[in-house]
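Here the structure comes first, spelled out in structure tokens, and everything after it is commentary.
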Amino acid sequence: MAHALWKGLARAAAVTADRPGPYAFHHVGERTRLAFPQGTVFGERYISLGADCVIGQDVTLTVGMAPGLDLGPGLRLTLGDGVVLGRGSHVVVEAPVDVADDVFLGPYCYVTSTNHSYDDPARPVGLQWPRAAPVAIGPGSWIGAGAVVLPGARLGRNVVVAAGAVVRGEIPDHTVVAGVPARAVRRWSAQEGWQPPLRTPAPVPWTGPPPGADEDVTP
């Protein structure tokens, strides 16, 4: 009974275009869903969510240093169509963040356009005015679990960020990056293909019977 009640609550409390709950987003596209329970969400009027997005449980979406700030006209966080934000991820925005279509973030990723400064050695770091710079993540990119995307990062099309990497600066199209700080470990070009070459063939969809279907399960 407890499981059934929780499933019902989760279904009823999910945020969609038709059921925005307490949130006044600038736009929520068709079939987009923010799973329950939501993480910290504020600055919604500066957030536009495209169609067919999946926002996992406990995902934080915040714009501005605190709730209720007037940041002037325009959007600060834009998600394209088909974006997936994995469970427990955080998108913390001051300067604009643009996430293009079909970008997938694994669980517990952190994307931010603002970062602490430490110029004044006599003042606590947390009390110094932060730096901010726009972030752009190109279409079709994949951000692995636990990765961090820092202010000023600009990722091209179909970029792959390895789990746990910390990304800053410009990443060209069709590049795989890994490490702290993230560095290119593989690139694709029309002339040379993948360099260094991939070690395994491209996977293909399973077309046979379901696993175990041909096994004798007679007791």
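- Within the 4.5 Å cutoff, the side chain of Arg154 has heavy atoms near those of the Glu170 side chain.
- Leu105 and Val176 are assigned to two separate hydrophobic clusters, defined by single-linkage of ILVMFWY side chains at heavy-atom distances under 4.5 Å.
- The backbone N or O of Phe25 sits nowhere less than 3.5 Å from a side-chain atom of Glu44 that would complete a donor-acceptor pair.
- Side-chain atoms of His90 come within 3.5 Å of backbone N or O of Gly88 as a donor-acceptor pair.
- Counting heavy atoms from C-beta on, the side chains of Val166 and Leu150 come closer than 4.5 Å.
- Note that CG of Leu79 is 8.5 Å distant from OG1 of Thr32, once rounded to the nearest 0.5 Å.
- Judged by distance alone, with hydrogens and angles left aside, the side-chain atoms of Arg186 form a donor-acceptor pair with the main-chain N or O of Pro197 at under 3.5 Å.
- The structure places CG of Leu155 at 5.5 Å from CD1 of Ile143, a figure rounded to the nearest 0.5 Å.
- In the hydrophobic cluster analysis, where Ile, Leu, Val, Met, Phe, Trp and Tyr join through side-chain heavy atoms closer than 4.5 angstrom, Val111 is grouped together with Tyr46.
- The main-chain N or O of Val92 is never found under 3.5 Å from a side-chain atom of Thr114 such that the two would form a donor-acceptor pair.
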Carefully, step by step, assess Val135 and Val149 under the rule side-chain contact (heavy atoms from CB on, under 4.5 Å). CA-CA 8 Å; Val135 171; Val149 179; 4.0 Å; yes
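- To the nearest 0.5 Å, atoms CZ (Arg168) and CG (Asn115) are separated by 10.5 Å.
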Could you check Arg187 against His174 for side-chain contact (heavy atoms from CB on, under 4.5 Å), going step by step and ending with a plain yes or no? CA-CA 6 Å; Arg187 292 191 177 97; His174 308 294; over 6 Å; no
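- With respect to Asp70 and Arg45, a salt bridge is recorded, a charged nitrogen being found less than 4.0 Å from a carboxylate O.
- Checked by atom type and distance alone, the side chain of Asp173 pairs as donor or acceptor with a backbone atom of Arg157 at under 3.5 Å.
- The two residues Ala35 and Gly56 have their closest heavy-atom pair at CB-C, 3.9 Å.
- Applying the 6.0 Å contact sphere to CD of Glu30 captures no more than 12 heavy atoms from other residues, nucleotides or ligands.
- Two residues are said to be in side-chain contact when any heavy atoms from C-beta on lie closer than 4.5 Å; His26 and Ile47 fail this criterion.
- Phe36 places none of its side-chain heavy atoms less than 4.5 Å from the side chain of Gln57.
- A donor-acceptor pair under 3.5 Å is absent between the side-chain atoms of Thr62 and the main chain of Phe42, judged by distance alone.
- Listed for the Asp98 side chain is no donor-acceptor partner under 3.5 Å among the backbone atoms of Ala136.
- Smallest separation of non-hydrogen atoms from Pro151 and Ser113: CG-C, 3.5 Å.
- The pair Arg33-Asp18 does not count as a salt bridge, with every side-chain nitrogen at least 4.0 angstrom from each carboxylate oxygen.
- When each of Leu85, Thr40, Val54 is paired with Val59, the side-chain contact (heavy atoms from CB on, under 4.5 Å) condition holds for Leu85 and for no other.
- With hydrophobic clusters built from ILVMFWY side chains whose heavy atoms lie under 4.5 angstrom apart, Ile171 does not share a cluster with Val185.
- In this structure, Leu71 CG and Leu75 CG are separated by 11.5 Å, a value rounded to the nearest 0.5 Å.
- Side-chain atoms of Gln38 do not come within 3.5 Å of backbone N or O of Ala14 as any donor-acceptor pair.
- A pairwise comparison of heavy atoms in Ala182 and Ala165 identifies CB-CB, 4.1 Å as the closest pair.
- Contact record, Gly80 with Cys53: O-SG, 3.1 Å, taken as the closest heavy-atom pair.
- Taking each heavy atom of Val41 and Tyr23 in turn, the nearest pair found is CB-CE2, 3.7 Å.
- Following chains of ILVMFWY side-chain contacts shorter than 4.5 Å, one can reach Trp194 starting from Trp142, so the two form part of one hydrophobic cluster.
- Across all their heavy atoms, Leu34 and Leu49 have their closest contact at CD1-CD1, 3.7 Å.
- No donor-acceptor pair under 3.5 Å is formed between the side chain of Asp102 and the backbone N or O of Pro139.
- Remark: the backbone N or O of Val91 is not paired with any side-chain donor or acceptor of Thr60 at under 3.5 angstrom.
- Interatomic distance, CZ of Arg123 versus CD of Gln128, reported as 7.0 Å (0.5 Å rounding).
- Hydrophobic clustering (side-chain heavy atoms under 4.5 Å, transitive across Ile, Leu, Val, Met, Phe, Trp, Tyr) keeps Val167 apart from Val160.
- No more than 12 heavy atoms of other residues, nucleotides or ligands sit less than 6.0 Å from atom CZ of Arg183.
- Distance CG/Leu61 to OG/Ser89: 9.5 Å, rounded to 0.5 Å.
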